[in-house]
Amino acid sequence: MAQKPAIPKGTRDFLPAEVAKRTYLFDTIKKVFRRYGFAPIETPSFELSTTLLGKYGEEGDRLIFRILNSGEKMRKADLEALAQDNLPRFANSLAEKALRYDLTVPFARFVVQHQNELNFPFKRYQIQPVWRADRPQHGRYQEFYQCDVDVVGSDSLLYEVELIQIFDEVLTNLQLPGFVIQINNRKILSGIAEVCGVAERIVDLTVAIDKLDKIGEQGVLDELAQKGFTETTLQQIKPLFDFKGSNTDKINLLRNYLANSEVGQKGLDELTYVLDTVAQLGLQRGQLDFEITLARGLNYYTGAIFEVKALDVKMGSICGGGRYDDLTALLGLKNLSGVGISFGADRIYDVLTELNLFPAELELSLDVLFVNFGEATLAQNLHLLKKTRAQGLAAEIYPSAAKLQKQLKYANDRKVRYVVMMGEEELLQDQLTLKEMESGLQQKLSQAELLTKFEQLS
RNA sequence: GAGGUUGUAGCUCAGUUGGUUAGAGCGUCGGAUUGUGGUUCCGAAGGUCGCGGGUUCGAGACCCGUCUUCCUCCCCA
């Protein structure tokens, strides 16, 4: 009966010390977002299933958490579909709502719905949890926060540049020592598919190429062969494996390789512009790499694709993003291009923890503790406590006149900076004892002197 | 969704081929004569051995199921 309570797999509780770190992380991110002119919005944690389904590809649909219909709505269950073993249709009839899978699709819905209330280009940021019915692993959770910035209503490549600057600024501000911002362009990938004569199979092609790092050239070829790509196609793909060197080297090789692909050339133009502009402006700690094999990213990307990886840690991508030209069209609003990126807060948290990069002062939760010496001195302590709080310091008084030893141990555990001791001894001399916990030094002060000192702190 | 792996006090882990009241370190709490923490000394509390079945005279150890952990795929932040 009295079983130990538990939480679902892939979810976590956050203790005060963890929340302090997460707040620091979110605040650092928000500060940069605001500086680039983005304003926050929020959307519901669950959407209508029809809004989400079909936007993330087949795999994506599988990972969407569905919310079971309740009450009378359960009667809507499509038993016929079940009888026919059509599980997807049956599932849809059981759940007309679902937890959001990311923040981009709900944002697209938001834009379509509020198009007449928004000014374009519309720049928004959004920091909220998302849910995925994934199998948990290191750095993969079923509930995690994404921090998204997106612009819709402009196809200007200046926004690609701006978003790269945001990657660089946020991660630099978080003191991350090294990270690579990988960039590619969906149009280049389309060009490759076109040149190889498999334009309609771009997804299978790019998904396989994306694994080059992991499974090697032969692995990629094997996977493609297995998926039914012909030997001729494989031969046309092979040269790509040798496209190495600097960003410009790779672009030059592709210029030639994609000579007969209009869309491919367009992709290279876009990429070149972005790379050149960023190079002129310079980055702080980030390194911007054109990665031909970068193909991931959801199906709805149409232009630039981004992915960021932290150096020296075993962790998947910590950020992602890209341009999507047709996402709002799926929801009924055409000709509205958008581009955006997402910071994976929980993964970044894990990286910062592993590299020990959180500022130490985040642990300080209480500035001042007043020792409780009992009824006789309580009123005067409470008044001084009130004045201390009025100065903006976090202060409290111990709830009972426990032994001094215990009260100081509490102060120590709470990592309190100062302890004020104002008992009968001190009050007789119209003084108090201020103890600085870290050094252990104590001094006698008047109440006025104490408040003057505190004023300088806050 | 596929395959593998893990689960013993709050935490990190011991626990011999199944055999008496399941242990340690750390942490927590209490104490070491009057108002001084982080170091030391003494003491105490705390475990349905993830959960549910089964095998056995007997199971923390073996079997099955289930949940969870971590890993490899798939996919992704």
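Residue numbers start from 1 in every chain, and the chains themselves are labelled A, B, ... in the order their sequence lines are given, proteins ahead of strands.
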Each stem that RNA chain B is part of, given as range with range (3 or more consecutive Watson-Crick or G-U pairs, under 3.5 Å): B:1-4 with B:70-73, B:10-13 with B:23-26, B:28-32 with B:40-44, B:50-54 with B:62-66
Expected output: side-chain A:Lys211 to main-chain A:Val207 donor-acceptor under 3.5 Å: no
Selected nucleotide, minimal atom distance to A:Ser317 side chain, candidates B:G30, B:A77, B:G37: B:A77
Sugar-phosphate only, base, or nothing, as touched by A:Gly57 at under 4.0 Å among non-hydrogen atoms: nothing
Sole residue of A:Arg35, A:Lys31, A:Arg285 in salt bridge (Lys or Arg N to Asp or Glu O under 4.0 Å) with A:Glu169: A:Arg35
Which residue lies more 5' along RNA chain B, comparing A:Ala133 with A:Met422 via nearest heavy atoms: A:Ala133
Nearest-Å distance for atom pair CD/C1', residues A:Gln226 and B:C74: 13 Å
Rounded distance in Å between the C1' positions of B:A22 and B:G60: 8 Å
Rounded distance in Å between the P positions of B:G25 and B:C41: 12 Å
Any A:Lys435 side-chain nitrogen or oxygen under 4.0 Å from OP1 or OP2 of B:G38: no
Sugar-phosphate, base or nothing in reach of A:Met315, heavy atoms under 4.0 Å: nothing
Shortest non-hydrogen separation from A:Leu25 to A:Ala345 and the atoms involved: CD2-O, 3.4 Å
Atom pair distance, as rounded to whole Å: NZ in A:Lys403 and P in B:G37: 10 Å
A:Tyr125-A:Phe33 aromatic ring centre distance below 6.0 Å: yes
Lys/Arg cation over aromatic A:Phe46: A:Arg100, 6.0 Å, 45° cone: no
Nearest-angstrom distance, C1' atom, B:G23 to B:G47: 11 Å
Sole candidate of A:Glu426, A:Gln443, A:Gln442, A:Glu425 that passes side-chain hydrogen bond (donor to acceptor under 3.5 Å, both in side chains) when paired with A:Thr433: A:Glu426
Centroid-centroid distance, A:Phe343 to A:Tyr145, less than 6.0 Å: no
Ring-base stacking, A:Phe144 with B:A77 (5.5 Å, 30° cut-offs): yes
Contacts of type salt bridge (charged side-chain N to carboxylate O under 4.0 Å, His left out), residue A:Asp326, not counting sequence neighbours: none
Inter-nucleotide C1' distance (B:C26, B:A14), Å rounded: 15 Å
Atom-to-atom span, CD of A:Glu59 to C1' of B:C75 - whole angstrom: 6 Å
Distance test, side-chain N/O of A:Gln405 to OP1/OP2 of B:G37, below 4.0 Å: yes
Separation of A:Leu384 CG from A:Thr377 OG1 (nearest 0.5 Å): 11.5 Å
Taking every non-hydrogen atom, the tightest pair across A:Gln146 and A:Asp148: CB-OD1, 3.7 Å
Polar pair under 3.5 Å, donor/acceptor by atom type, side chain A:Gln442, base B:U36: yes
Whole-angstrom distance between B:U8 and B:A24, as gauged at atom C1': 13 Å
What's touching nucleotides 67-70 of chain B from the protein side, N or O pairs under 3.5 Å?
unit_1 : atom_1 : unit_2  : atom_2 : d
B:U69  : OP1    : A:Gly10 : N      : 3.1

Short side-chain N/O contact from A:Lys211 to OP1 or OP2 of B:C74, under 4.0 Å: yes
A:Asp148 CG to B:A77 C1', straight-line distance once rounded to whole Å: 10 Å
A:Tyr398 and A:Tyr410 aromatic ring geometry - parallel, tilted or perpendicular at 30°/60° bounds: perpendicular
Nucleotide B:A77, atom P - distance to CG of A:Leu25 in whole Å: 17 Å
Carboxylate-amine/guanidinium proximity below 4.0 Å for A:Lys123 and A:Asp150: no
Spacing of A:Leu352 atom CG relative to B:A77 atom P, expressed in whole Å: 19 Å
Between B:U48 and B:A59 - C1' atom distance, rounded Å: 15 Å
Sugar-phosphate, base or nothing in reach of A:Glu424, heavy atoms under 4.0 Å: base
Inter-nucleotide P distance (B:G65, B:G27), Å rounded: 42 Å
Sugar-phosphate, base or nothing in reach of A:Lys406, heavy atoms under 4.0 Å: sugar-phosphate
Rounded interatomic separation in angstrom, taking NZ from A:Lys309 and P from B:A77: 11 Å
Cation-pi, A:Phe144 ring and A:Arg132 (6.0 angstrom, 45 degrees): no
Sugar-phosphate only, base, or nothing, as touched by A:Val207 at under 4.0 Å among non-hydrogen atoms: sugar-phosphate
Sugar-phosphate, base or nothing in reach of A:Gly139, heavy atoms under 4.0 Å: base
Given RNA chain B, 5'-ward residue of the pair A:Asp413 and A:Ile215, judged by closest heavy atom: A:Asp413
Sugar-phosphate only, base, or nothing, as touched by A:Lys314 at under 4.0 Å among non-hydrogen atoms: sugar-phosphate
No-H, no-angle donor-acceptor pair, A:Asn412 side chain to B:G38 base, under 3.5 Å: no
Length of the CD-P vector between A:Gln128 and B:A77, whole Å: 17 Å
Sugar-phosphate, base or nothing in reach of A:Phe373, heavy atoms under 4.0 Å: base
Sugar-phosphate, base or nothing in reach of A:Glu426, heavy atoms under 4.0 Å: base
Whole-angstrom distance between B:U68 and B:G52, as gauged at atom C1': 15 Å
Below 4.0 Å: OP1/OP2 of B:U28 and any side-chain N or O of A:Lys409: yes
